[in-house]
Structures are given as structure tokens and as C-alpha cells.
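Just below is one structure, and these are the notes that go with it.
Nothing here was measured: the structure is a model prediction, and the numbers come from that model. Convention: sequence-line order gives letters A, B, ...; per-chain numbering from 1.
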There are 2 protein chains.
Amino acid sequence: MSTATLTQTPGQSRYGKLALALRDRILQGEWAPGDMIPAESALAQSYGVALGTIRQALSLLVEDGVLQRRHGKGTFVTKGVDGASMMRFFRFRGVDDGSSETPQSRILSSRLRRATSQEASVFGLPPDAQVLHLERLRSLSGEPCLLETIVLPLPLFGKLAESDTEVWDDLLYPMYQQRCGIVIQKTQDSLSFSQLNATQAKRLKLAAAHPCVQVERQAFDMAGRCVELRTTRGDAFSFKYTTQLQ
Amino acid sequence: MSTATLTQTPGQSRYGKLALALRDRILQGEWAPGDMIPAESALAQSYGVALGTIRQALSLLVEDGVLQRRHGKGTFVTKGVDGASMMRFFRFRGVDDGSSETPQSRILSSRLRRATSQEASVFGLPPDAQVLHLERLRSLSGEPCLLETIVLPLPLFGKLAESDTEVWDDLLYPMYQQRCGIVIQKTQDSLSFSQLNATQAKRLKLAAAHPCVQVERQAFDMAGRCVELRTTRGDAFSFKYTTQLQ
DNA sequence: GAGTGGTCTAGACCACGAC
DNA sequence: TCGTGGTCTAGACCACTCT
């Protein structure tokens with residue numbers, strides 16, 4: 001499912017068309033992430049529609065995660081998700097009880113390589129395109145907890161490939177935005193169970209074949225393009241995730 | 001978190017109050033699950049409010065899962081979730097490729113016992129209350145795949161305790177509704193990793209200590225009361241779950 | 001054609017946040 | 001006090017579904 005399409009009424013109703021139009025103006029960069037867009041009354045006037053209509057259009061974009069409303073202040077372009085969200089799948093204890101602590105990050109390796117055919121397809125790149133391939137270890141209070149493999153399409157992340165990985169931030173998504181102008185807007189995570197191979201186990205200070213939970217993530221920018229592929233592995237015994245149905 | 005409260009604006013705005021009032025009428029049984037409620041225009045007139053206001057109230061209840069709108073037909077009370085939803089956490093292969101097949105169900109044991117203090121608290125029962133305790137095996141094409149422990153508060157499920165488990169349906173939730181008048185409206189599932197003990201492993205035809213994924217579910221009726229506690233275990237290698245963020 | 005929910009208008013007033 | 005989004009009204013007309 002592409003996230004480039006609005007979840008409802010793409011182009012039929014007037015508010016649907018308005019939502020698409022506003023969405024385009026945001027993607028074009030007319031308002032940066034964090035910016036306030038014009039007031040509802042101003043938008044209604046400039047588009048020549050009733051206030052209720054523009055409000056329905058904005059509601060679509062709020063549902064879509066592109067905009068956020070703040071009563072009394074205005075309507076703002078979403079800043080994007082922060083990279084700490086991987087922790088919602090795990091509960092590492094004995095480290096910090098309260099805990100919304102951000103894990104520290106260390107880049108173990110960084111190299112350029114040719115994209116696999118699957119990667120090229122997902123990124124929308126030609127088959128011989130290059131990608132940046134990273135290995136990353138995340139730790140809480142010095143204890144390794146998550147091991148990640150990250151693949152980034154090269155033309156977009158050229159500046160990262162040139163920079164020294166020693167000085168990278170603990171959170172990648174805000175760094176993507178600052179250094180490459182890429183805002184992560186949505187992620188899709190696929191969870192499955194696996195066992196660590198010898199190398200992975202060593203890095204996480206666990207035994208080989210130790211059970212692990214594997215999170216395969218696709219991250220999308222505001223235009224709905226996939227701009228990151230990531231596989232995260234963590235101790236299966238620390239896995240804890242809650243979800244609600246209806 | 002109790003699901004008895006609406007997700008937004010409980011009693012402040014007019015549409016908030018209307019939503020609560022309509023919700024009560026549904027819980028009181030004025031309209032049964034599957035029934036159509038009066039048209040928006042009729043409701044607006046009977047409550048003496050504008051059409052837009054009643055529409056906002058209905059929207060809250062739709063978000064809450066209590067009502068469903070069908071363009072051109074009417075607004076209907078939700079029928080509740082079907083029990084097959086546990087399969088969204090697992091992909092059992094080699095059995096049926098296309099597959100939205102409902103697993104067959106066999107009750108392995110059924111007995112009455114005193115509620116634990118935790119169960120009594122969750123169900124809102126006195127500490128010495130009785131519960132119905134079930135063990136259940138679910139199979140696809142004759143192959144066991146899920147093992148479940150189900151706990152039901154006795155006063156509500158008295159009729160089930162008396163009936164022969166041999167003739168129970170494959171899906172429990174529709175049966176709860178038919179025989180006990182209980183509609184499951186929401187579930188909350190908590191996933192974690194574990195290993196099978198000897199008994200569990202034998203029933204699932206797996207080795208002892210085989211890795212498993214454990215789903216701990218609380219199921220709520222329309223009034224937001226917890227009416228079922230369930231623990232489901234399945235082969236961790238069949239675990240597969242996908243989720244989206246923002 | 002009759003009845004339903006969905007869209008849209010052009011206003012009014014309220015509640016919140018910043019200055 | 002002013003500008004923002006949130007609530008509410010009293011209509012009109014459209015689109016879908018059934019008979």
C-alpha cells in the first residue's frame with residue numbers, strides 16, 4: 001500500500017480535492033515541517049469555499065499524519081516521527097524502571113554497495129543503483145540491546161555517506177531531516193521470530209542461536225516514497241507489544 | 001484503560017453528551033447488535049439539535065466501534081468482532097495457501113474454580129467469585145496450531161458452564177452472543193515470547209521448550225467491562241505481525 | 001420515488017493561547 | 001485583546017440503496 005494516496009476520497013469531493021492540493025503545497029516545501037499553515041478562515045476565503053469544507057480537507061490531512069491542529073494556536077505541518085519508536089516493541093528491564101530513555105547508538109560499519117533487485121524495486125531505483133549499508137548497535141546504560149541493519153538509497157543520502165559515523169546522533173530520523181532534508185512520516189513494521197547467528201549473538205552479548213525478535217521496517221517520507229529499509233534484532237525475552245482491535 | 005469512556009469529549013460539548021446518551025440507549029438494549037437506529041434527521045429532530053451536531057455525535061460512536069454507517073441504508077449497531085482474529089498474529093503455511101480459513105476448535109478441559117485475586121479485580125467480581133476455566137486446542141486441516149487458556153466470569157457465562165463442550169462452535173465470540181447475550185466489542189492483546197512446557201508442547205505436537213509466542217488477551221463487551229481473559233500460545237516460527245506507525 | 005447518509009453553505013458564537 | 005481552532009445552526013442539494 002502506498003502512503004502517497006490519501007486514505008479517503010482521493011479526488012471526488014471538493015474537500016478531497018482541497019486536501020490533495022494542500023498536500024502538494026506542503027510537499028513542494030511551501031511550508032516546512034513545524035511551520036504553521038494559514039488559518040482555516042484564510043484558506044476558506046482563498047479557495048472560495050465554506051469554512052466547513054476546508055475543515056473537512058484539513059481533517060483528512062490530520063488523519064493522514066501530515067498536519068496537526070492546536071486549539072488556539074494554529075495548524076502545523078507534522079515534524080515527523082522520532083527514531084526512538086523501535087523501543088515500543090521491547091521492554092529492557094534492570095536498566096531503567098521509569099524509562100523512556102533513548103538508547104545510545106554506535107555505527108559498527110558503513111559501506112557502499114550495489115542495491116539488490118528487491119531494494120531497487122522498493123526504493124524505485126534503477127537495478128544498478130548504489131545504496132549505503134550500515135550496521136548499528138544500540139545500547140541502554142552501556143548494555144547492548146538492539147542490533148540493526150540499515151539500507152539507504154544513495155542519491156538521497158549522499159551527505160551521510162561522506163560524513164564521519166563517529167559523530168552521528170543517537171536518533172537517525174531527526175538527523176535525516178537536518179542533514180538530508182528527509183522527513184520520515186510513516187513506518188511499517190513487520191515482526192517475526194528468529195534466532196541469532198554467531199556474529200549477531202556476539203555483538204548483543206548473547207549466546208549463538210539465542211531466540212530473537214526481528215523487526216523489518218520500511219520508512220516512508222512525506223511523499224510516500226520508501227526511503228529506508230531496516231532490520232532490527234533484539235532478545236526475544238525482552239519482547240513485549242500491546243495492540244487493540246476495534 | 002477502560003473502554004467504557006468515549007475516546008473524546010465525554011460530557012462537555014453537546015455532541016459529546018448526545019453520544020453518551022445514544023450509547024446508553026444502545027447498552028440498555030433499545031437497539032440490538034445489527035439493528036438500524038433512527039435516521040440522522042429523525043434523531044436531530046427528537047433531540048432538538050441541528051443535523052451537523054447529531055452527525056458529530058454519531059461519528060464519535062463510529063470511531064468507538066459502537067456504530068457503523070452505510071451510505072444509503074442507515075446507521076447500524078455493530079455486531080461485534082469474530083473470534084478468528086487471533087490468526088492475524090500467525091501465518092501457518094503448508095496447510096492452506098490462500099487462507100482465511102477458520103481453525104477447528106476442540107475443548108480439552110472445562111472446569112469451575114475460584115477466581116484469582118487478579119482475575120476478580122479485572123472482572124470486577126468479589127474475591128471469592130467463581131470462574132469457568134477452559135483449555136482449548138485449535139487446528140488447521142487437523143494439525144494443531146494454537147493452544148488456549150480461557151477464563152470466563154461465572155455469573156455471566158452460566159449457560160456455557162452447563163452445556164456440553166462437545167457441541168461448541170469453532171468461533172467462541174458469536175457463541176457468547178447467541179447463548180449468553182454477550183457481544184465482544186474490543187480486545188486488547190499483549191504479545192510476548194516464551195517457551196512451551198512439556199504439556200503444552202505435547203498438545204501442539206512440538207518439542208518441550210520449543211519457542212512460542214504468547215498472546216494475552218482481554219476482551220470487553222459493549223459496556224466496556226472485561227468479560228474474558230485468554231492466553232494463546234503458538235509456534236514462534238509461525239509468528240508474523242505487521243503494524244504501521246502514523 | 002422514497003429514504004438514507006454524504007457534501008456544502010454562510011453565517012454565529014465559544015474556548016484556548018499568546019501578547 | 002486578538003487570532004486561532006472548536007462547536008453549532010438551519011437550511012440546500014447530492015449520491016447511494018431498496019422497492
Side-chain angles (χ1 to χ4, degrees), chain A residues 6-23 25-26 30-79, chain B residues 6-23 25-26 30-79:
Chain A
L6 285 164
T7 43
Q8 286 180 39
T9 40
Q12 305 124 33
S13 55
R14 195 171 307 187
Y15 70 81
K17 288 176 197 159
L18 281 170
L20 288 173
L22 287 167
R23 198 169 185 285
R25 292 177 69 178
I26 294 166
E30 186 166 339
W31 306 293
D35 278 5
M36 184 181 122
I37 69 170
E40 297 177 341
S41 55
L43 287 172
Q45 197 170 9
S46 71
Y47 279 105
V49 299
L51 211 138
T53 306
I54 206 73
R55 275 182 65 77
Q56 279 191 86
L58 295 180
S59 293
L60 282 185
L61 296 174
V62 168
E63 260 183 73
D64 219 45
V66 177
L67 291 178
Q68 292 178 328
R69 286 198 176 104
R70 290 177 219 163
H71 192 172
K73 298 179 75 175
T75 305
F76 299 79
V77 178
T78 302
K79 281 193 170 176
Chain B
L6 284 164
T7 43
Q8 288 180 36
T9 40
Q12 307 123 31
S13 55
R14 195 171 305 186
Y15 70 83
K17 288 176 196 159
L18 282 170
L20 287 173
L22 287 167
R23 198 168 184 285
R25 291 176 70 179
I26 294 167
E30 184 166 340
W31 305 292
D35 278 4
M36 185 181 121
I37 69 170
E40 296 177 341
S41 54
L43 287 172
Q45 197 169 8
S46 72
Y47 280 105
V49 299
L51 213 139
T53 306
I54 206 73
R55 276 183 63 77
Q56 278 191 87
L58 295 180
S59 294
L60 282 185
L61 296 173
V62 168
E63 259 183 75
D64 219 43
V66 177
L67 292 177
Q68 292 179 327
R69 286 198 176 103
R70 290 177 220 162
H71 192 171
K73 297 177 77 174
T75 305
F76 299 79
V77 178
T78 302
K79 282 192 170 176

Is any side-chain nitrogen or oxygen of [X] closer than 4.0 Å to OP1 or OP2 of [N]?
X	N	result
Y15(A)	dT7(C)	yes
S13(A)	dG6(C)	no
R70(B)	dC16(D)	no

For nucleotides 14-19 of chain C, read 5' to 3', which letter fits each nucleotide if B means a protein heavy atom sits under 4.0 Å from the base, S means only the sugar-phosphate is that close, and - means neither? -BBSS-
d([atom1], [X]; [atom2], [N]) in whole Å:
X	N	atom1	atom2	value
L67(B)	dT4(C)	CG	P	16 Å
M36(B)	dG3(C)	CE	P	11 Å
K17(A)	dG6(C)	NZ	P	19 Å
F76(A)	dT4(D)	CZ	P	11 Å

Test side chain to side chain contact (heavy atoms under 4.5 Å, CB included) applied to T53(B) - qualifying residues, sequence neighbours left out: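 T53(B) satisfies side chain to side chain contact (heavy atoms under 4.5 Å, CB included) with R14(B), Y15(B), L18(B), V49(B), A50(B) only.
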By side chain to side chain contact (heavy atoms under 4.5 Å, CB included) - contacts of R69(A) (at least two apart):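 Side chain to side chain contact (heavy atoms under 4.5 Å, CB included) check on R69(A) returns E40(A), R55(A), L58(A), S59(A), V62(A), T75(A).
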For E30(B), all residues meeting side chain to side chain donor-acceptor pair (under 3.5 Å), sequence neighbours excluded: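 E30(B): side chain to side chain donor-acceptor pair (under 3.5 Å) contacts with R25(B).
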Listed by chain and number, what are the side chain to side chain donor-acceptor pair (under 3.5 Å) partners of Q45(A), not counting sequence neighbours?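 Not a single residue meets the side chain to side chain donor-acceptor pair (under 3.5 Å) criterion with Q45(A).
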Between atom CG of L20(B) and atom CG of L61(B), what is the distance when rounded to the nearest 0.5 Å?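 With rounding to 0.5 Å, CG (L20(B)) is 8.0 Å from CG (L61(B)).
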Heavy-atom closest contact (A19(B) atom, L60(B) atom, distance):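 Distance-wise, the nearest heavy atoms are CB-CD1, 4.0 Å.
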Look at the side chain of R14(B) and decide which nucleotide, out of dC8(D), dG6(D), dC8(C), has an atom nearest to it.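 Nearest listed nucleotide: dC8(D).
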Select base, sugar-phosphate, or nothing to describe what S41(B) touches, counting heavy atoms under 4.0 Å on all strands.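 Answer is nothing: S41(B) stays at 4.0 Å or more from every strand.
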Please examine the side chains of L67(B) and I26(B), heavy atoms only from C-beta on, and report whether any two atoms are closer than 4.5 Å.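 They are in side-chain contact.
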In residues 43-55 of chain B, which ones come under 4.0 Å of DNA chain D, going by heavy atoms?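 Contacts with DNA chain D under 4.0 Å: V49(B), A50(B), T53(B).
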